[in-house]
Q: 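The structure follows.
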Amino acid sequence: MTEASFLDVELRRPDLRRRFPRRFRQRLVGQTVLELTRRAKYLLATLSSRETLLIHLGMSGSFSVDTPTAAQGASAPAQRDPHDHVVFRMSSGAVIAYNDPRRFGLMDLLRPHDAATHPVLSRLGPEPLSPSFDGAALANACRGKTTSLKGALLDQRVVAGLGNIYVVEALHRAGLSPRRRASTIATPSGVPRDSAHRVAAAIKQVLREAIARQERPQAYRSSRFHVYDREGQPCRRAHCDGVVTRLAQGGRSTFYCPVCQR
DNA sequence: ACACGGACCTGAAGGC
DNA sequence: TGCCTTCAGGTCCGTG
């Protein structure tokens with residue numbers, strides 16, 4: 001199948017979290033996508049013009065792909081969901097809609113070679129599933145940090161791409177309290193403690209499982225989360241008789257087991 | 001420099 | 001029934 005190019009781009013409002021970049025439509029029409037990659041929670045589409053389309057889904061963003069039939073095309077245009085904010089019409093006939101009720105998403109266009117220096121990308125820490133992310137790297141990044149361990153893991157400069165749910169799940173898996181100071185996973189000179197290796201490994205595990213669950217949802221129907229959104233319910237760690245507790249950290253909910261997470 | 005809290009936004013859920 | 005409040009999430013910005 002040949003590559004599709006952008007035939008048209010319809011902006012149905014002037015902004016999401018921020019305004020769309022200048023000449024957004026003009027810079028996309030006629031381009032094909034050479035490569036589609038990801039960095040942290042950002043999608044990066046390299047265009048034939050060598051510009052990069054940068055997309056963040058925020059919390060509620062999603063794409064849908066529709067391939068209208070000729071019969072549909074001949075009738076009146078489909079009623080659009082009011083939260084379809086961007087509609088891409090492709091040369092293949094596919095209609096790709098970006099839907100985002102809360103509009104925390106983001107789209108930007110980066111000039112060639114600007115991806116590495118773009119403000120939001122340049123500050124990101126390592127990819128958690130990359131070999132370079134391990135207990136030693138994490139301990140080094142947490143050195144001297146007075147903030148909570150949970151706060152540090154949510155900091156995209158420490159490790160990129162973790163959100164509230166997976167941080168909470170990883171800390172439970174690692175048996176570490178979200179309330180302890182981030183610096184406690186390293187010695188004062190930066191040597192990783194056992195806890196640093198445990199939390200790094202736990203992060204990789206919860207992410208790999210989440211990806212597998214996405215690929216084979218039927219295999220995991222009953223599992224879901226071990227602590228997230230389980231306040232008052234029993235801890236799921238084998239042989240632990242704790243009860244999941246909820247607390248607020250930085251205005252966000254933390255769920256953890258005070259018995260097995262230290 | 002770092003740490004923290006509030007703002008942004010909508011829909012769902014709970015209270016009265 | 002319906003109105004009002006609260007909460008959720010990721011990032012950014014202002015303040016201390």
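Since the structure is predicted, the reported quantities are computational estimates derived from the model, not experimental observations. Side chains are part of it too, since the values below use all heavy atoms of this structure and drop only hydrogens, waters and symmetry mates. Throughout, a chain's letter reflects where its sequence line sits, starting with A, and its residues are numbered from 1.
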Q: On DNA chain C, does the nearest nucleotide to A:Arg123 precede the nearest nucleotide to A:Gly251 from the 5' side, or the other way round? Give the residue.
A: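 The residue closer to the strand's 5' end, by nearest nucleotide, is A:Gly251.
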Q: Going by atom type alone, with no hydrogens or angles, which donor-acceptor pairs under 3.5 Å involve a side-chain atom of residues 125-143 of chain A and a protein atom two or more places apart or on another chain?
A:
| residue | atom | partner | partner atom | Å |
| --- | --- | --- | --- | --- |
| A:Glu127 | OE1 | A:Arg38 | NH1 | 3.0 |
| A:Glu127 | OE1 | A:Arg38 | NH2 | 2.9 |
| A:Glu127 | OE2 | A:Arg39 | NH1 | 2.9 |
| A:Glu127 | OE2 | A:Ala40 | N | 2.7 |
| A:Ser130 | OG | A:Glu127 | O | 2.8 |
| A:Ser130 | OG | A:Ser132 | OG | 3.0 |
| A:Asp134 | OD1 | A:Ala136 | N | 3.2 |
| A:Asp134 | OD1 | A:Ala137 | N | 2.9 |

Q: Taking A:Arg13 first and then A:Asp15, would you say they form a salt bridge - that is, a charged N and a carboxylate O separated by under 4.0 Å?
A: yes
Q: Does this structure show an ion pair linking A:Glu209 with A:Lys204, if we count only N-O contacts that are shorter than 4.0 Å?
A: no
Q: Got a sec? Which of residues 160-169 of chain A come in under 4.0 Å of DNA chain B, heavy atoms?
A: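 Going residue by residue through residues 160-169 of chain A, none turns out to have a heavy atom under 4.0 Å of DNA chain B.
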Q: Each nucleotide N or O in nucleotides 13-16 of chain C that has a protein N or O under 3.5 Å away: list the pair and distance.
A:
| residue | atom | partner | partner atom | Å |
| --- | --- | --- | --- | --- |
| C:dC13 | OP1 | A:Arg18 | NH2 | 2.7 |

Q: Enumerate all atom pairs, one protein N or O and one N or O from nucleotides 7-9 of chain B, separated by less than 3.5 Å.
A:
| residue | atom | partner | partner atom | Å |
| --- | --- | --- | --- | --- |
| B:dC9 | O3' | A:Arg103 | NH1 | 3.4 |
| B:dC9 | O3' | A:Arg103 | NH2 | 3.4 |

Q: Applying side-chain contact (heavy atoms from CB on, under 4.5 Å), name anything that partners A:Val87, two or more places apart in sequence or on another chain.
A: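 Partners of A:Val87 under the side-chain contact (heavy atoms from CB on, under 4.5 Å) test: A:Glu10, A:Arg12, A:Arg80, A:Arg89, A:Val95.
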Q: So what does A:Ser253 touch, heavy atoms closer than 4.0 Å: a base, only the sugar-phosphate, or nothing?
A: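 Here A:Ser253 touches the backbone only, sparing every base.
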Q: Note down the inter-axis angle between the two ends of the helix from B:dC2-C:dG16 to B:dC16-C:dG2, five pairs each, to the nearest 10°.
A: 50°
Q: Taking atom CZ of A:Arg179 as the centre, does the number of heavy atoms from other residues, nucleotides or ligands within less than 6.0 Å exceed 12?
A: no
Q: Hey, which of these two, A:His83 or A:Asp155, hits DNA chain B nearer its 5' end, going by closest nucleotide?
A: A:Asp155
Q: Over 60° means perpendicular and under 30° means parallel, so tell me whether A:Phe63 and A:Phe88 are parallel, tilted or perpendicular.
A: tilted
Q: Could you tell me how far apart A:Asp229 (CG) and B:dG14 (P) are, to the nearest whole angstrom?
A: 11 Å
